[in-house]
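Beneath this line is the structure, given in structure tokens, with notes to follow.
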Number of protein chains: 2
Amino acid sequence: MCRYWFHHTVILLTEVVNKVLKPLVKKDAPMDAYRQLFDGILSQRLAPGTKLNEVELTLLFSVSRTLIRQALQRLQLEQVVEIHKNRGAFVAAPTPELAEQILLARHTIELAVVKLACQRCTVADVQQLQKMIDLEQSAIDQGDMATALRRSGEFHLQLAIVAGNQPFVHALRGLISQTSLIITMYSHGGGNACARDEHSQLLEAVKRGDEQQGQELMAHHLGHIAQGCDFNHSPQVANVKGAFAHLNS
Amino acid sequence: MCRYWFHHTVILLTEVVNKVLKPLVKKDAPMDAYRQLFDGILSQRLAPGTKLNEVELTLLFSVSRTLIRQALQRLQLEQVVEIHKNRGAFVAAPTPELAEQILLARHTIELAVVKLACQRCTVADVQQLQKMIDLEQSAIDQGDMATALRRSGEFHLQLAIVAGNQPFVHALRGLISQTSLIITMYSHGGGNACARDEHSQLLEAVKRGDEQQGQELMAHHLGHIAQGCDFNHSPQVANVKGAFAHLNS
DNA sequence: GTACATAATATTGTATACAATATAAGTGAA
DNA sequence: TTCACTTATATTGTATACAATATTATGTAC
């Protein structure tokens with residue numbers, strides 16, 4: 001009996017520790033470093049071309065170089081970071097030629113995504129997408145264009161998730177991130193103001209299951225991104241410490 | 001004068017060392033481990049679901065776990081390997097549902113690739129592609145279907161390279177590898193015998209710049225892959241030592 | 001001062017050591 | 001035996017130490 005009581009108490013404690021305490025304490029360090037860098041790049045705090053020094057990141061994120069290098073490699077394979085052997089990692093800086101290829105690839109894939117989304121979108125999906133549009137708009141209202149840009153990308157990615165095609169999601173994750181870099185480098189502003197309307201109209205078409213209309217709207221939407229860019233412009237390059245200044249406060 | 005002679009001799013020696021000796025000696029270890037594993041999987045020596053033990057690979061390839069883990073992470077991001085936290089890495093084993101998604105994604109992307117290839121294919125490109133078809137056929141003639149399958153994939157990838165769209169190349173690299181896994185798991189043979197003819201016809205259309213015909217042929221070709229599979233079949237699982245037995249000879 | 005070669009430093013690449021977790025083997029009670 | 005539990009082992013996760021390479025600083029000849 002005594003043993004039983006003891007046993008169950010231990011079970012209880014184990015549960016408490018695993019399900020309550022651990023989530024509060026756990027750091028999931030590798031994901032952290034990756035996410036911080038990813039967000040830093042997509043929020044335009046890290047400009048294209050910026051050198052990413054490993055020990056510097058080590059100090060900023062309080063993890064070893066092992067995890068920093070893991071994060072950088074992952075970002076490289078997502079095409080958001082370039083790693084040159086023995087030279088180090090840099091925030092990717094797509095050339096105009098590559099930018100054109102990226103937008104064409106998005107055109108191809110996202111037209112297929114919209115079609116699938118029209119077929120499979122549920123009521124819950126629509127609500128989720130609507131919420132993301134609202135979040136993007138609220139960022140725009142606050143004048144925080146960097147956040148708006150990131151949330152715009154999340155809307156497109158969510159559409160691919162709704163479409164239910166894992167390879168499309170995987171490919172688009174990289175392409176959308178690269179598009180953010182392209183906009184950071186080449187956009188001459190203004191062109192992004194109409195995004196909300198376009199996203200809303202797109203969602204309406206998807207809700208109705210109107211594949212034809214949805215694809216046309218997506219094509220226009222992606223076309224506007226290209227139109228909003230001036231590929232003769234050259235980008236500015238920021239430094240790492242400035243981009244993560246908020247971590248040292 | 002004496003110094004000059006010395007100086008130039010050093011230059012010469014440096015050049016000799018860098019340009020002649022190093023390429024012969026160099027190992028490029030990380031790429032090696034990655035390539036070996038990649039080829040092992042695509043050549044069907046490593047069956048889907050196989051556990052990839054890190055120290056075992058360490059001994060096989062004579063590099064530290066650092067590089068093994070690098071290679072595994074890269075393979076994971078190419079969707080050829082699955083890594084479960086604290087559980088280890090496994091050769092990916094796409095479910096029938098994922099297989100369907102993969103083939104649909106290929107359909108979407110490769111139709112666009114063929115179109116671009118029709119527009120941009122040069123004489124040199126045609127020669128290169130023809131050579132790859134011949135290599136694939138010679139593997140078939142020798143009854144080495146594993147090599148044939150790998151070379152078939154390389155043909156498709158080369159087509160994307162000819163098309164000149166980097167994101168398409170990047171996405172297809174993973175999708176083609178995954179298709180190899182799908183065929184390994186679910187193919188009931190026979191369906192692949194007609195591959196050569198289809199690749200040849202495809203190349204003819206591309207050479208003529210006939211986008212319409214090229215896309216139709218590609219669509220049929222990809223359709224045949226799906227038709228050649230039986231998604232009720234369950235896969236066999238091999239062990240690592242057996243797959244790399246040739247390294248220990 | 002400039003150009004070049006050399007030395008010092010900083011940065012990345014790889015291997016190893018230690019920690020955390022999961023798996024397998026062993027132990028005792030019903 | 002079978003089940004729960006403990007202990008031992010194996011495996012993965014992370015940090016650090018060392019090696020190789022690149023970058024910067026210094027010195028010397030012209």
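Just so we're on the same page: letters track the sequence lines, and every chain starts at 1.
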Considering just the side-chain nitrogens and oxygens of B:Thr66, establish if one lies under 4.0 Å of OP1 or OP2 belonging to C:dT14.
no
Rounded interatomic separation in angstrom, taking CD from B:Glu56 and P from D:dA10
14 Å
Send over the distance from B:Leu57 CG to D:dT11 P, rounded to a whole Å.
12 Å
Mind calculating the distance between CG (B:Leu52) and P (D:dG13) to the nearest angstrom?
13 Å
A:Phe61 and A:Asp32, any side-chain heavy atoms less than 4.5 Å apart
no
Contacts table for residues 173-181 of chain A: side-chain donor-acceptor under 3.5 angstrom, sequence neighbours left out:
unit_1: A:Ser177; atom_1: OG; unit_2: A:Arg173; atom_2: O; d: 2.7
unit_1: A:Thr179; atom_1: OG1; unit_2: A:Arg106; atom_2: NH1; d: 3.0
unit_1: A:Thr179; atom_1: OG1; unit_2: A:Leu175; atom_2: O; d: 2.7

Are side-chain heavy atoms of B:Val169 and B:Gln166 found at a separation under 4.5 Å?
no
Integer-rounded Å distance: C:dT11 P and A:Leu59 CG:
11 Å
Take the protein atom CG of A:Asn53 and the nucleotide atom C1' of D:dA22, then report the distance between them rounded to whole Å.
13 Å
Identify, residue by residue, the members of residues 69-89 of chain A with a heavy atom below 4.0 Å from DNA chain C, and return them in order of residue number, or none.
A:Arg69, A:Lys85, A:Asn86, A:Arg87, A:Gly88
Does a nitrogen or oxygen in the side chain of B:Lys51 sit under 4.0 Å from OP1 or OP2 of C:dA22?
no
I'd like to check the side-chain hydrogen bond (donor to acceptor under 3.5 Å, both in side chains) partners of B:Glu154; sequence neighbours left out, ordered by chain and number.
B:Arg150
Side chains of B:Leu37 and B:Leu72: closer than 4.5 Å at any heavy-atom pair?
yes
Please report the distance, rounded to the nearest Å, between CG in A:Asp32 and C1' in D:dG13.
15 Å
Winner on side-chain proximity to B:Leu67, out of C:dA15, C:dT12, D:dT14, is C:dA15
Looking only at non-hydrogen atoms, find the nearest pair between B:Phe90 and B:Gly49 and report the distance.
CD2-O, 3.6 Å
Length of the CZ-P vector between B:Arg65 and C:dA19, whole Å
15 Å
